[in-house]
Amino acid sequence: MKSQIILALLLSAALGASAQSSMEAKGRADAVVGKIKSQYAPDKRQAVYDVKAYMDNGGALVVGGILSDSATCSVLRRELQATGIDYTDSLVVMPYDQWALVRLTAASMRTGGRHAAEMATQNVMGTPLRVLAADGDWYRVQSPDGYISYIPSSSVVLRTSKEMAQWRRAPRFIVVSPWQVQAFRTADAAGVRDVVTDLVNGCIVEIPASVPNVQNGKLEILLPDGRRAFVDAKAMASVSEWAAQDFNADRILDTAYSMEGTPYLWGGTSTKAIDCSGLAKVSYFSNGIILMRDASQQATTGTRIEAKDWRQCRPGDLLFFGNAKTGRVTHVAIYDSKGNYVHSSGRVKRNSVDPDAESYLTTPFLHAVRIAGNEETRGIIRARNHPWYF
């Protein structure tokens, strides 16, 4: 009897030690998972990081979940291995071989796979998208700026990796006209019933042959979904020519001013209707530069200029406004000169950051950033250096 009691106590102690050891291992795994998330995937707008450590039914430790970035997954695995934790790896990286091209002039993208979800952003025709997952009639996608959202399947055409490689090599043209243009069924057509589609600044199309076909001043183009049309050749430029631009503050400001009076639209990122950060994105994209999507993201890029030093700002700098107490950014504008800026608030319009100016707004001005000279730093990339375009 005495030996049985001793055996029971020993077993209980062993089980207790094992449980404690398992919980300690899980705690260490939790710490690593949290550390990598905070360092490499802190913004859910830019990265999918649905990872957790848990005990399976057999009591074994598992680290599993879905990530959008393979490099982040590799770092996580290295960190877990360095701890010496015994665990089962159940991590899955979303695909890098599924792609799509936007087929609409301005495709609306949402925070969830349903039309009732909040509109998060837009992308214009010919924008390459990485398809992360399919969800019924919706795709979860990532835009060239890294932004993750959902788009209806009807708004895109799917492409394989091979087809995307062909697209990158193909002769392509981009709309450089600041104003909306119409593409017609034939080079001679100009009637309202001859329109194939409208096109806006930044739309990318192919041409059906290796040599541009221009008839009656119109360029023959091939839309992402295979439709052919003719558009005013003066409204277009070759993608390689557009991408080769140097920084041009006048080009950026001209694009912004061309939208003056355009209505504000939450999530709008085309010249049809636009929000504040969308105005910055579209204007910079006309100069071949890709910015991050939201004002709060754009505010963390470039070279910072303090609000009190606004007179040091140069044309093209971005101005950020928001909560003076918390520093939370809620609005962005594009600086011109002498305190004046252009922004989208209700509509695209002009105001001033100079307290003595008649057009001064009282919304707290927090700081500015300079994009010029900071290309190829975090959150700022030239399209010519983006592997999805070239």
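Small disclaimer: the values here were computed from a predicted structure and weren't measured.
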Classify the side-chain pair T303/N374 by whether it contains a donor and acceptor separated by less than 3.5 Å.
yes

Taking the ring centre of each residue, are F321 and Y341 less than 6.0 Å apart?
yes

Residue from I204, L199, V231, D232 passing side chain to side chain contact (heavy atoms under 4.5 Å, CB included) with V175:
L199

Given the ring of Y150, does R114 sit roughly above its face, with NZ or CZ under 6.0 Å from the centre of the six-membered ring and within 45° of the axis?
no

Just by distance, no angles: are the side chains of R45 and S296 close enough, under 3.5 Å, to form a donor-acceptor pair?
yes

May I ask you to establish whether R172 and F390 are in a cation-pi arrangement, using a distance under 6.0 Å from NZ or CZ to the six-membered ring centre and at most 45° from the ring axis?
yes

Of all the heavy-atom pairs spanning A183 and I221, show the shortest one and how long it is.
CB-CD1, 4.4 Å

Using the ring of each side chain (for Trp, its six-membered ring), is W167 parallel, tilted or perpendicular to Y389, with breaks at 30° and 60°?
tilted

Under the ring-ring contact (aromatic ring centres under 6.0 Å, His included) rule, what do W99 and Y139 come out as? Steps first, then yes or no, please.
CA-CA 10 Å; W99 300 89; Y139 293 117; over 10 Å; no

So is R370 actually on top of Y335's ring, under 6.0 Å and inside 45° of the axis?
no

Carboxylate-amine/guanidinium contact R304 D309, below 4.0 Å:
no

For V196 and R227, work out which heavy atoms get closest and say how close.
O-NH1, 3.4 Å

When rounded to the nearest 0.5 angstrom, what is the spacing between CG in L366 and CD in E306?
10.0 Å

Between S143 and N123, do the side chains contain an N or O donor and an N or O acceptor separated by less than 3.5 Å?
yes

